[in-house]
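Computed from a prediction, not measured in an experiment: that's the story for all the values here. Whatever order the structure lists them in is the order used to number ligands and atoms, beginning at 1. Numbers here simply count residues along the sequence, with the first being 1.
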Amino acid sequence: MGKKLLVVGSGGREHALVWKLAQSQEVEKIYAAPGNPGMRQLAECVDIAVENVEALCDFAMQNNIDLTVVGPEAPLTLGIADRFKEQGLQIFGPSAAAARLEGSKAFSKNLFKKYGIPTADFEVFDDAQKAREYAHKLFEQGQGAVVKADGLAAGKGVVVAQSFAEAEEAIDSIMMDKTFGAAGDKILVEECLQGEELSFFAISDGSDYLALLSAQDHKRIFDNDQGPNTGGMGAYTNPPIYTEELKQSIIREVIEPTIQAMQAEGCPYQGVLYAGLMITPNGPKVLEYNARFGDPEAQVLMPMIKSDLLPILEAAARGELKDITVEINPGACVGVVLAAGGYPGSYDKGDVITGLDQLNDETIVFQAGTAIKNDQLVTAGGRVMAVVVQADSISAAISKVYGEVEKIHFDKMQYRHDIARKALRKE
Ligand code: AMP
Ligand code: GLY
């Protein structure tokens, strides 16, 4: 009999996971909680919120789920993996203690320091005056300062300060005005690193790992990295900067020591290791870890994985990744996010989406903020969908994907026109 899976989440990342897992020969049925309209042909959507760990656990028990795959970080930090394991349920995702690698910057930075994992110099403060003094020292040394709230702040608790005044303002807003609530009780001030950013994805079973791919995200809303930060406006795989040599140094200097450090701390890491790296002239340095796949990075990673994903995730969940390999497709994938006008600020919902029936067969659309209203697909979120194309090269994927984007329409649709363009100068 085939296997039953539960994918937790409702975004484009989870649509991509469902899409990939649905191709597995071993799968009989996929449930998505709460899912989205894009997944409905591949999965049965069940109306349980991602934070409702108890209800998800009950659902998995009652429906004899063979493996649960967790998309977003919130249920991980709430201990979904611990709860499922207590009940003898297989789950792919780290324990709450291991998810601190993403959930607490103070935890992860102290871990990097203790185990010699390369990262920006930093200090953790619970006192605003001491934080200001350290920021001042960094500016005097000509390094620049980055100010970060300790807890989860939906990617918005980071200020790359251009001047001491800006650093001071960020410290006050996080610590005194509590812009991010309790996430700002502790604050990190760190050295500003120079270089190119790269995301690296591996899967770990607690002691062994499988390297997948690298990708670059585009966090700002407007072309040329202008405007406010978003969840991510587009991504592409294996940028030219990602050479075999760089891959080996990321594995040796960052990934292996992190897995060993988590074991030594008594919280072995099982799940996705998503390292946000700055590739500096002195080698890769970790900006942050995430305990999950990226969104929209997952939307470009999944089509690049040739192997069946299910045995890989199962082996990781069971701690048996040692002899598992992964085959990656040649070429590259580029994904462009279509967002509602006004995002990341306030935006309209309920606008009719047209043109999806005009797309080429090879084009993949991963839906995120969509809904069905009067039998029509309408917008229902800030990031509405990602349009993804795989091709022999990044440049071929870029020209194809933008041809496809132009066929899609909804009122006030916005997207970046320069996704992956940075790679062309180097390809
Ligand atoms: P984080 O959430 O820590 O990854 O920070 C969000 C973004 O801020 C990163 O993707 C970088 O663009 C930037 N950033 C964070 N830390 C640093 C740093 N030490 N030096 C330069 N840029 C940084
Ligand atoms: N795209 C960035 C993230 O998923 O955190």
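Residue contact annotation: Gly232 has no non-hydrogen atom under 4.0 Å from ligand 2. Contact annotation: Gly276 has no heavy atom less than 4.0 Å from any atom of ligand 1.
Residue Tyr274 touches ligand 2 through its side chain alone, judged by heavy-atom distances below 4.0 Å. If you look at Arg13 next to ligand 2, there are no close heavy atoms at all, none under 4.0 Å. For Leu193, heavy-atom contacts with ligand 1 shorter than 4.0 Å involve the backbone as well as the side chain.
Scanning the protein for heavy atoms near atom 5 (O) of ligand 2, the closest one is Arg292 NH2, 2.9 Å.
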Is there a side chain to side chain donor-acceptor pair (under 3.5 Å) between Tyr274 and Glu288 once you walk through the steps?
CA-CA 8 Å; Tyr274 159 4; Glu288 63 164 356; 5.0 Å; no

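Near Gly294, meaning under 4.0 Å from any of its heavy atoms, are these atoms of ligand 2: 4 (O). The ligand atoms of ligand 2 that sit less than 4.0 angstrom from a heavy atom of Asp217 are 1 (N), 2 (C). Within ligand 2, counting atoms from 1 as listed, the ones closer than 4.0 Å to a heavy atom of Gly231 are 1 (N), 2 (C). Heavy-atom contacts of Glu297 reach the following atoms of ligand 2: 1 (N), 2 (C), 4 (O) (cutoff under 4.0 Å).
Side-chain rings of His136 and Tyr134 stay apart, their centers remaining 6.0 Å or farther from each other.
In terms of polar-atom proximity, Lys219 is not counted as a contact of ligand 2, lacking any N or O under 3.5 Å from an N or O of the ligand.
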